[in-house]
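Since the structure comes first, as structure tokens, the remarks are kept for the end.
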Amino acid sequence: MQNRITADIAAFRLPRYAQIPEVGLYLEQVVRYVNAYLAPLGEPELSPSMVSNYVKKGYISNPVRKQYSAEQIAYLLFIAVAKSALSMENITRLFQMQRKTYTVQQAYDYFCDSLESTLQYTFGLTDTMERFNPADMPERMMLRATIIAVTHIIYLSSQFDAMQGQGTLPANGHLALPEE
């Protein structure tokens, strides 16, 4: 089990902004696209109703002729990853901060690079991780902190799942305490 998880993380890559289809994808296609890329992380899947809710609440813009653009898909990939560590309110704040300094493409591609390298480090596949640079803009530091939190959540979930699969954790999540 552990080797499969490590192999999945070693091979994990997100599409860079220029690789996201610009032709416009319909809701079901977007959901399949995002879920296919994020499946190795073991994150909860994105559903059509979640995407519709994100549009309704203004987290992402309305699709044009029911088709989602590369920018909207990039936002959805980020939301799907970050929501395990941040509230939607804080994700929105992070988006607002990023837009003041970076283009969507710059911010998204940095997110991809940082997520992939931090996952590699967290799962012990590399000995180095990009260090925090005090000269970085606050929005970049906050994005890095979000990515570190997310990768630790992914790591812990995978370890607990592996332990349960090996029978070293009880299926119900309750440990038997010794009686006094």
Side-chain angles (χ1 to χ4, degrees), residues 2 5-6 8-17 20 30-31 33-61 68 71-126 128-134 136-164 169 173:
Q2 190 58 33
I5 293 167
T6 303
D8 285 349
I9 295 302
F12 178 76
R13 299 288 177 275
L14 285 175
R16 295 312 187 258
Y17 192 85
I20 297 173
V30 168
V31 168
Y33 183 84
V34 169
N35 288 338
Y37 273 103
L38 299 181
L41 301 182
E43 291 287 293
E45 289 196 346
L46 195 63
S47 69
S49 62
M50 291 166 73
V51 174
S52 296
N53 194 38
Y54 296 154
V55 170
K56 180 179 169 185
K57 293 192 177 216
Y59 300 136
I60 63 170
S61 60
Y68 292 81
E71 182 174 307
Q72 292 163 311
I73 294 168
Y75 279 126
L76 286 169
L77 282 159
F78 179 79
I79 290 169
V81 170
K83 68 185 171 105
S84 66
L86 294 177
S87 67
M88 285 307 298
E89 180 180 327
N90 286 337
I91 289 172
T92 301
R93 288 178 179 157
L94 197 55
F95 283 161
Q96 290 166 346
M97 291 172 64
Q98 295 291 325
R99 281 188 212 122
K100 289 180 182 176
T101 312
Y102 304 102
T103 67
V104 173
Q105 180 173 355
Q106 289 170 324
Y108 173 76
D109 286 347
Y110 176 76
F111 156 70
C112 292
D113 292 340
S114 187
L115 178 64
E116 291 165 5
S117 67
T118 305
L119 278 166
Q120 297 276 320
Y121 178 80
T122 303
F123 277 81
L125 299 169
T126 184
T128 59
M129 182 174 88
E130 180 184 351
R131 297 177 60 88
F132 275 101
N133 181 349
D136 276 346
M137 303 287 273
E139 53 274 6
R140 190 175 184 126
M141 296 281 287
M142 291 177 75
L143 177 62
R144 292 255 314 118
T146 300
I147 289 167
I148 290 169
V150 165
T151 59
H152 284 94
I153 291 167
I154 292 167
Y155 176 80
L156 288 168
S157 294
S158 73
Q159 295 306 302
F160 284 125
D161 290 348
M163 290 171 71
Q164 188 167 347
L169 264 185

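Between the side chain of Ser117 and the main chain of Ser114, a donor-acceptor pair closer than 3.5 Å is present.
Other residues, nucleotides and ligands contribute over 12 non-hydrogen atoms within 6.0 Å of the OH atom of Tyr59.
Between Met129 atom CE and Ile148 atom CD1 the span is 4.0 Å, to the nearest 0.5 Å. Between the CE atom in Met97 and the CE atom in Met142 there is a gap of 4.5 Å [rounded to 0.5 Å]. In this structure, OH in Tyr37 is found 8.5 Å from CD1 in Ile20, a value given to the nearest 0.5 Å. Atom CD1 of Ile91 and atom OH of Tyr75 lie 12.5 Å apart (nearest 0.5 Å). One finds the OG1 atom of Thr122 at 11.5 Å from the CD1 atom of Ile153 (value rounded to the nearest 0.5 Å). Within the model, atoms NZ of Lys83 and CG of Asn90 stand 15.5 Å from one another, a figure rounded to the nearest 0.5 Å.
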### Task
Give the C-alpha distance, both sets of side-chain angles, the deciding distance and a yes or no for side-chain contact (heavy atoms from CB on, under 4.5 Å) between Thr118 and Arg144.
CA-CA 9 Å; Thr118 305; Arg144 292 255 314 118; 3.6 Å; yes
### Task
Might you work through the side-chain contact (heavy atoms from CB on, under 4.5 Å) test for Tyr68 and Val55, ending with a clear yes or no?
CA-CA 11 Å; Tyr68 292 81; Val55 170; 4.0 Å; yes
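What you find for Tyr108 and Pro15 is that their closest heavy atoms are OH-O, 2.7 Å. Nearest heavy atoms, Leu14 versus Cys112: CB-SG, 3.7 Å. In terms of heavy atoms, Pro40 sits closest to Ala36 at CD-O, 4.0 Å. Closest non-hydrogen pair, Leu38 versus Ala80, comes out as CD1-CB, 3.4 Å.
With respect to Ser84, the side chain to side chain contact (heavy atoms under 4.5 Å, CB included) criterion is satisfied by exactly one of Thr146, Leu41, Val150, Ile154: Val150.
Side-chain contact between Tyr110 and Tyr102 is absent, with no heavy atoms from C-beta onward closer than 4.5 Å. In this structure the side chain of Arg140 never reaches within 4.5 angstrom of the side chain of Leu143, judged on heavy atoms. Under the 4.5 Å side-chain criterion, counting only non-hydrogen atoms from C-beta, Phe78 is not in contact with Gln98. Inter-residue side-chain proximity for Thr103 and Tyr17 is flagged as unmet; no heavy-atom pair is nearer than 4.5 Å. Counting only heavy atoms from C-beta outward, the side chains of Leu119 and Ile147 never approach each other to under 4.5 Å. The side-chain heavy atoms of Val81 and Leu77, taken from C-beta on, include no pair separated by under 4.5 Å. The closest side-chain heavy-atom distance from Leu76 to Tyr33 is not below 4.5 Å. Within the 4.5 Å cutoff, the side chain of Tyr155 has no heavy atoms near those of the Ile9 side chain.
Under the salt bridge (Lys or Arg N to Asp or Glu O under 4.0 Å) criterion, Arg13 pairs with no residue, sequence neighbours left out.
The pair Glu116-Arg16 counts as a salt bridge, with a side-chain nitrogen and a carboxylate oxygen less than 4.0 angstrom apart.
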